[in-house]
Amino acid sequence: IEAEFRAHRRKVTAPQDETLERAKAWRQSIQAAKAHGDHDLADALELAAVDEAERIHERTGESEAGLAMAQAFVRVSEGAATIMEEAEEWLGRGVLPVRTQAKYRTAVTEFVTFLGGVPLLTDINRDNAISYADWLNKEGKSQRTKKLVPLSYNSKRDRLMALSAFWSTWLHKRRKCTEQHNPWSRLEVTKAPTTSDLQWD
């Protein structure tokens with residue numbers, strides 16, 4: 001039953017999610033080989049991961065997005081952490097109230113989805129932060145009463161505050177991010193549209 005469930009799940013999983021899971025499995029195998037002192041096996045697995053990345057690039061028609069996904073596959077298999085892995089470690093400490101954790105998780109998940117591919121910590125930079133804030137202001141939607149409506153001012157502000165907290169209280173303190181200054185600081189958030197201007201999707 002479990003095998004059948006996994007087979008069906010693979011059919012509906014987004015390509016980037018499947019690629020990420022395979023990269024994590026590869027990373028686990030490489031780390032296990034190194035832990036047992038089998039460096040020959042670890043080297044062979046690392047070379048095989050590069051070959052797999054090349055196949056990923058080929059399967060995506062050698063597109064730019066496919067190249068980014070292939071590069072991320074290699075980096076994750078070699079030990080690089082994804083944004084969501086770091087976020088889950090941060091939120092899993094249990095320091096924040098449950099409701100706040102849910103809000104912060106929503107913000108990070110949405111940002112990761114916005115980036116697409118297999119987002120790594122290096123994808124948290126000022127350019128991507130500005131692009132995401134611009135998307136929130138122009139295209140971000142919230143589900144209300146079975147309708148998609150533009151995000152409110154408070155919702156957009158909360159998203160950016162959550163990502164700023166993630167960066168400042170976790171990534172920056174642990175020197176896990178290359179950015180020297182908080183990429184989420186001083187980003188503009190527009191007011192919510194009036195009722196008459198509301199555009200239903």
Side-chain angles (χ1 to χ4, degrees), residues 12-17 19-20 63-69 71-72 76 80-201:
V12 298
T13 303
Q16 60 265 30
D17 293 337
T19 301
L20 176 57
S63 63
E64 187 175 337
L67 176 60
M69 192 178 293
Q71 290 171 334
V76 171
T82 65
I83 294 174
M84 281 309 303
E85 284 179 306
E86 286 294 333
E88 289 300 336
E89 187 177 349
W90 172 52
L91 297 172
R93 296 177 304 156
V95 176
L96 300 170
V98 175
R99 189 173 179 182
T100 303
Q101 287 182 40
K103 280 187 175 183
Y104 284 12
R105 184 173 283 106
T106 295
V108 177
T109 302
E110 187 178 73
F111 176 60
V112 165
T113 303
F114 168 78
L115 291 176
V118 184
L120 304 177
L121 294 182
T122 50
D123 290 313
I124 302 178
N125 54 53
R126 185 64 176 178
D127 289 340
N128 282 339
I130 292 172
S131 296
Y132 175 65
D134 192 49
W135 177 83
L136 283 177
N137 288 326
K138 295 178 179 178
E139 301 178 49
K141 297 288 193 299
S142 175
Q143 183 83 37
R144 290 183 185 174
T145 63
K146 298 182 180 180
K147 297 286 187 179
L148 285 172
V149 299
L151 288 170
S152 68
Y153 172 82
N154 288 337
S155 293
K156 290 183 284 189
R157 183 196 61 188
D158 288 348
R159 298 280 207 282
L160 297 182
M161 286 177 63
L163 290 163
S164 179
F166 176 41
W167 188 90
S168 61
T169 65
W170 184 256
L171 299 178
H172 182 59
K173 281 188 176 180
R174 285 160 179 76
R175 298 182 180 178
K176 294 189 174 186
C177 206
T178 56
E179 285 282 323
Q180 296 300 312
H181 303 286
N182 193 331
W184 306 103
S185 64
R186 297 187 300 278
L187 291 177
E188 181 182 1
V189 177
T190 58
K191 294 288 185 181
T194 62
T195 305
S196 60
D197 293 331
L198 196 62
Q199 298 294 316
W200 296 104
D201 204 336

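- Atoms OG and CZ, from S185 and R126 in turn, are 5.0 Å apart once rounded to the nearest 0.5 Å.
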Applying side-chain hydrogen bond (donor to acceptor under 3.5 Å, both in side chains) to S152 and K191, what does each step give before you reach the verdict? CA-CA 7 Å; S152 68; K191 294 288 185 181; over 6 Å; no
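- Residues V112 and P119 form a side-chain contact, since some pair of their non-hydrogen atoms from C-beta on lies under 4.5 Å apart.
- Minimum interatomic distance between V189 and Y153 (heavy atoms only, all atoms of both residues): O-CE1, 3.5 Å.
- The neighbour count for R93 CZ, taken as heavy atoms of other residues, nucleotides or ligands under 6.0 Å away, is above 12.
- Looking at L151 and R159, their side chains come closer than 4.5 Å, going by heavy atoms from C-beta outward.
- For the atom pair I130 CD1 and R186 CZ, the distance stands at 10.5 Å (nearest 0.5 Å).
- In this structure the side chain of F114 reaches within 4.5 angstrom of the side chain of S131, judged on heavy atoms.
- Here F166 and W184 keep their ring centres 6.0 angstrom or further from each other.
- No salt bridge links E86 with R174; every basic N to acidic carboxylate O contact stays at or beyond 4.0 Å.
- F111 places a side-chain heavy atom less than 4.5 Å from the side chain of N128.
- Proximity of a side-chain donor or acceptor of E85 to a complementary backbone N or O of T82 within less than 3.5 Å is detected.
- Across all their heavy atoms, S164 and N182 have their closest contact at OG-ND2, 2.8 Å.
- By the 4.5 Å heavy-atom criterion applied to side chains, L96 and W90 are counted as neighbours.
- Listed here is the closest heavy atom pair of P183 and A129: O-CB, 3.4 Å.
- Within a 6.0 Å sphere centred on CE of M84, heavy atoms belonging to other residues, nucleotides or ligands number more than 12.
- Nearest heavy-atom pair across W167 and I124 is CD1-CG2, 4.1 Å.
- Closest of all the heavy-atom pairs between K156 and L136 is CD-O, 3.3 Å.
- By the 4.5 Å heavy-atom criterion applied to side chains, Y104 and L163 are not counted as neighbours.
- Rounding to the nearest 0.5 Å gives a distance of 6.0 Å between CG of D158 and CG of N154.
- Closest heavy-atom contact between N137 and E188: ND2-O, 3.0 Å.
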